[in-house]
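All remarks here apply to the structure that follows.
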Amino acid sequence: MDGSALRLTIARYFTPTGRCIQKPCRDRENGFEEYYAESHNRYFNGEMEEEDSIPFVDTLKYITPEGKIVYGGGGIMPDVFVPLNSDKNLDFYYDLIQKGLIFTYAFEYTDSHRNDLLKYTKFEEFNKQFEISTVLFTDFIEFARKKWIKESTEEISYAEERGQKS
């Protein structure tokens with residue numbers, strides 16, 4: 001076995017208020033290519049780098065039972081916008097993303113540290129308290145090395161500096 005894996009999702013996922021989080025896929029005859037070109041268009045419109053560049057159709061406005069404003073049209077806008085980083089010093093990071101190693105490591109870490117992670121009951125709590133220690137970071141880099149990712153010392157230092165909490 002070469003260690004390959006496939007994670008296939010065929011289900012639809014819904015929020016507690018019953019809204020589907022996936023954008024509907026158009027059928028092949030009526031815009032299938034348009035559906036797949038959307039990411040490309042979003043990138044060139046600046047939507048992946050600036051939250052203010054994301055257009056919302058005001059006529060599809062919906063207010064949740066808790067009073068939060070959300071918009072229809074398919075898909076959801078996350079509560080925390082994480083922009084695409086266009087820094088050219090991140091080849092190592094992009095290599096990790098392309099090979100799915102961050103997610104793979106996160107799944108393995110979660111499986112092996114589930115009891116430690118259960119103490120966090122809300123994302124805000126986890127985000128504020130969970131620290132990526134030097135040991136954890138080093139373990140991740142070693143994991144990447146085993147998957148034949150060549151890191152650069154400069155990029156690792158850059159990642160460590162950016163990851164430190166202020």
Side-chain angles (χ1 to χ4, degrees), residues 1-25 35-36 38-40 42-43 47-51 54 64-71 73-166:
M1 301 297 275
D2 66 359
S4 296
L6 173 67
R7 222 176 256 264
L8 178 64
T9 301
I10 58 170
R12 291 264 180 216
Y13 292 93
F14 294 86
T15 67
T17 58
R19 301 181 71 238
C20 183
I21 67 169
Q22 287 99 348
K23 186 168 189 144
C25 181
Y35 176 82
Y36 286 102
E38 182 185 18
S39 291
H40 181 265
R42 289 179 59 213
Y43 176 80
E47 293 179 44
M48 296 186 178
E49 294 174 354
E50 295 291 331
E51 185 174 11
I54 301 170
T64 68
E66 290 79 29
K68 181 178 178 183
I69 297 174
V70 295
Y71 295 88
I76 61 171
M77 177 66 178
D79 290 337
V80 178
F81 177 77
V82 179
L84 176 69
N85 191 330
S86 58
D87 191 326
K88 302 300 179 203
N89 292 321
L90 299 175
D91 291 338
F92 173 62
Y93 172 73
Y94 291 130
D95 203 15
L96 293 170
I97 291 290
Q98 185 178 25
K99 290 183 168 85
L101 295 180
I102 294 174
F103 290 117
T104 301
Y105 184 84
F107 287 129
E108 289 181 13
Y109 180 86
T110 300
D111 284 343
S112 62
H113 293 84
R114 191 162 307 278
N115 289 336
D116 297 332
L117 296 170
L118 285 173
K119 69 180 179 183
Y120 303 109
T121 58
K122 296 184 180 210
F123 170 75
E124 294 79 15
E125 188 180 328
F126 171 83
N127 195 38
K128 189 181 276 188
Q129 296 176 14
F130 185 81
E131 298 271 338
I132 299 176
S133 67
T134 303
V135 172
L136 179 58
F137 189 78
T138 303
D139 185 57
F140 174 70
I141 298 302
E142 187 57 34
F143 171 81
R145 279 189 190 120
K146 289 177 184 173
K147 303 293 183 187
W148 298 284
I149 301 288
K150 183 167 180 4
E151 83 283 357
S152 93
T153 305
E154 182 178 304
E155 290 173 3
I156 300 277
S157 296
Y158 180 79
E160 285 177 312
E161 288 171 21
R162 302 276 301 210
Q164 293 174 354
K165 298 212 179 203
S166 44

Between Glu125 and Lys119, the two heavy atoms sitting closest are OE2-O, 3.1 Å

Between OG1 on residue Thr134 and CG on residue Asp139, distance to nearest 0.5 Å: 12.5 Å

Are there over 12 heavy-atom neighbours, none belonging to Gln98, within less than 6.0 Å of that residue's CD? no

Give the minimum heavy-atom separation between Val70 and Thr64, together with the two atoms involved. CG2-CG2, 4.1 Å

For a 4.5 angstrom cut-off between non-hydrogen side-chain atoms, does Leu136 reach Tyr105? yes

Evaluate the criterion side-chain contact (heavy atoms from CB on, under 4.5 Å) for residue pair Ile132 and Phe140; output intermediate values, then yes/no. CA-CA 10 Å; Ile132 299 176; Phe140 174 70; over 6 Å; no

Atom CZ of Phe14: over 12 foreign heavy atoms under 6.0 Å: yes

